[in-house]
Amino acid sequence: MKDEIFKKPISKQFEFDEEVATVFDDMIGRSVPFYKENLALVRDLVIKNLQEDATIYDLGCSTGTLLIEIAKKSDKNLYLKGIDNSAAMLQRAKNKAKAFGVDIEFIYADILEYDFSLANCFIANYTLQFIRPLKREKFVKKIYEKLEDEGVFIFSEKIITEDKRLNKQLIDIYYDFKREQGYSDYEIAQKREALENVLIPYTLKENEEMLLQTGFRFVEPIFRWANFATFFARK
Ligand SMILES: Nc1ncnc2c1ncn2[C@@H]1O[C@H](C[S@+](CC[C@H]([NH3+])C(=O)[O-])CC(=O)[O-])[C@@H](O)[C@H]1O
Ligand SMILES: O=C(O)C(=O)Cc1ccccc1
């Protein structure tokens, strides 16, 4: 279903509620540049880095698209776990996984509170940005501690740039992308207001430093387009 949520005046700050879940796959596909390509990049890196019987958590899995793509392509036995605190999103994730005949465990939980089992891989595509900055580093530390040695953390984020002029230019280019995806100036403005103080992006460097300070051996940006980036880190 097409995302037309912001054609009307916003009545609250952005939430991953039933209304968003209903149009989510269209929304994210038209709001995150190279979403499909980035999803394939993360899928293929996960598959290349994991052995038989590995455990993978997708943090903020939404409608389960990434885990379903991993399950469809991998020829290994993997324990796939998707976590989200939006029941509406997980309902759709379960329906999609069933339709594709893939075995994924979907967990309704707050990732900040959930007690993860030890895992070989954590993924957080466009999720950390919704975690309050005061809680973000402690959460990344929790991910680090729940990773096996040599474990992998792959995450994608909207980012800001230190240079204010360049940052404004990249945001303008991003909004041109949204217009090319069929969003009106009104929808773009309404969503920007709804996301104010809900989606809080860091710079590339702040994301890298956060990972290194929590103990990751290295963190590498593996994709970037304007104000979006994907990182690969190993314990
Ligand atoms: N504390 C939390 N606990 C659990 N879930 C949370 C929390 N905070 C946010 N979420 C969930 O994290 C997801 C963020 S969307 C991820 C897209 C997906 N990764 C994708 O690649 O398609 C990002 C976006 O839409 O820009 C939503 O499903 C929230 O319900
Ligand atoms: O940052 C934005 O303006 C977005 O639209 C990104 C986004 C995509 C999907 C859900 C919430 C935010």
Side-chain angles (χ1 to χ4, degrees), residues 3 5-6 10 13-43 46 56-70 80-93 96 106-116 122-132 134-136 138-140 142-143 154-160 167 170-179 181-183 185 187-201 223 225-230:
D3 170 22
I5 292 176
F6 296 98
I10 62 169
Q13 286 299 89
F14 187 87
E15 284 176 25
F16 292 97
D17 57 14
E18 178 66 32
E19 188 183 28
V20 166
T22 302
V23 301
F24 182 76
D25 289 349
D26 177 69
M27 175 187 281
I28 197 160
R30 292 167 60 213
S31 302
V32 173
F34 298 98
Y35 174 75
K36 194 164 53 70
E37 292 81 0
N38 200 46
L39 188 135
L41 172 64
V42 173
R43 174 199 64 200
V46 168
I56 304 161
Y57 281 102
D58 185 4
L59 307 174
C61 65
S62 296
T63 63
T65 307
L66 175 61
L67 289 178
I68 290 166
E69 286 304 308
I70 292 170
L80 303 171
K81 301 171 184 278
I83 302 188
D84 208 292
N85 65 354
S86 165
M89 289 284 196
L90 287 188
Q91 191 50 57
R92 284 154 179 85
K96 270 168 55 175
F106 290 107
I107 302 159
Y108 174 61
D110 181 339
I111 53 179
L112 298 172
E113 307 297 331
Y114 188 73
D115 184 18
F116 303 109
F122 283 94
I123 304 159
N125 278 337
Y126 318 106
T127 300
L128 295 184
Q129 60 198 30
F130 291 102
I131 295 176
R132 310 304 303 163
L134 285 176
K135 298 183 176 181
R136 209 174 293 184
K138 186 179 173 198
F139 176 64
V140 170
K142 175 178 165 183
I143 293 173
I154 303 177
F155 64 105
S156 301
E157 288 280 288
K158 189 176 188 184
I159 59 172
I160 51 175
N167 194 57
L170 293 180
I171 290 170
D172 289 346
I173 288 167
Y174 172 52
Y175 290 153
D176 288 342
F177 163 82
K178 281 194 156 184
R179 289 184 191 97
Q181 296 299 312
Y183 286 112
D185 288 350
E187 288 176 283
I188 293 168
Q190 285 296 297
K191 188 165 185 192
R192 180 175 56 231
E193 191 178 333
L195 287 170
E196 189 74 32
N197 210 26
V198 171
L199 190 167
I200 302 173
F223 174 87
W225 179 90
N227 51 346
F228 287 84
T230 298

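When a ligand or atom number is given, it counts from 1 through the structure's own listing order.
The side chain to side chain donor-acceptor pair (under 3.5 Å) search around Asp58 returns none, not counting sequence neighbours. Under the side chain to side chain donor-acceptor pair (under 3.5 Å) criterion, Asn85 pairs with no residue, sequence neighbours left out. Residues forming a salt bridge (charged side-chain N to carboxylate O under 4.0 Å, His left out) with Arg179 (at least two apart in sequence, or on another chain): Asp176, Asp185.
Of all the heavy atoms of Ile28, the ones lying under 4.0 Å from any atom of ligand 1 belong exclusively to the side chain. With a heavy-atom cut-off of 4.0 Å, Ala124 does not touch ligand 1 at all. Under 4.0 Å from ligand 1, heavy atoms of Tyr126 appear from its side chain as well as its backbone.
Each of the atoms 3 (N), 4 (C) of ligand 1 lies under 4.0 Å from some heavy atom of Ala109. Close approach to Asn125 involves these atoms of ligand 1, each under 4.0 Å from a residue heavy atom: 16 (C), 17 (C), 18 (C), 19 (N), 21 (O).
Within the 4.0 Å heavy-atom shell around ligand 1 one does not find Ala21. Contact between Thr65 and ligand 1 is absent, with no heavy atom of the residue lying under 4.0 Å from the ligand. Distances from ligand 1 to the non-hydrogen atoms of Leu66 include no value under 4.0 Å. Using a non-hydrogen distance threshold of 4.0 Å, Phe24 registers as a contact of ligand 1.
Ranking the protein heavy atoms by distance from atom 22 (O) of ligand 1 puts Tyr35 OH, 2.6 Å first. Distance from atom 15 (S) of ligand 1 to its nearest protein heavy atom, with residue and atom name: Ser62 OG, 3.4 Å. Considering only non-hydrogen protein atoms, atom 28 (O) of ligand 1 sits nearest to Asp84 OD2, 2.6 Å. Looking only at protein heavy atoms, the nearest one to atom 12 (O) of ligand 1 is Gly60 CA, 3.4 Å. Taking atom 3 (N) of ligand 1 as the reference point, the nearest protein heavy-atom neighbour is Ile111 N, 3.0 Å. Among protein heavy atoms, atom 1 (N) of ligand 1 sits closest to Asp110 OD1, 3.0 Å. Protein heavy atom nearest atom 2 (C) of ligand 1, with residue, atom name and distance: Asn85 ND2, 3.3 Å.
Side-chain atoms of Ser156 and Asn38 include a donor-acceptor pair closer than 3.5 Å. A donor atom on one side chain and an acceptor atom on the other are not found under 3.5 Å apart for Lys178 and Ser31.
Listed for the Thr127 side chain is a donor-acceptor partner under 3.5 Å among the backbone atoms of Leu59. Of the possible polar contacts, one joining the Asp26 side chain to the Asp3 backbone as a donor-acceptor pair under 3.5 Å is found. Of the possible polar contacts, one joining the Arg30 side chain to the Gln181 backbone as a donor-acceptor pair under 3.5 Å is found. Side-chain atoms of Glu157 come within 3.5 Å of backbone atoms of Gln129 as a donor-acceptor pair (strictly under, hydrogens ignored). Here the side chain of Lys142 pairs a donor or acceptor atom with the backbone of Tyr114 at under 3.5 angstrom.
Phe14 and Phe16 have perpendicular rings, their planes meeting at more than 60° on a 0 to 90° scale where under 30° would count as parallel. Using a 30° and 60° split on the angle between ring planes, Phe116 and Tyr57 fall in the perpendicular class, above 60°.
The CG atom of Leu90 sits 5.0 Å away from the CG atom of Asp84 when rounded to the nearest 0.5 Å.
Taking the ring centroids of Tyr126 and Phe155, they lie at or beyond the 6.0 Å cut-off.
The distance criterion of under 3.5 Å between nitrogen or oxygen atoms is not met by Asp58 with respect to ligand 1. Taking any N or O of Ser86, backbone or side chain, none lies under 3.5 Å from an N or O belonging to ligand 1.
Within 4.0 Å of ligand 2, protein heavy atoms belong to Phe14, Met27, Ser31, Lys158, Tyr174, Lys178, Lys191, Leu195, Leu199, listed by chain and number.
With respect to the salt-bridge test (charged N to carboxylate O, under 4.0 angstrom), the residues Glu18 and Arg92 qualify.
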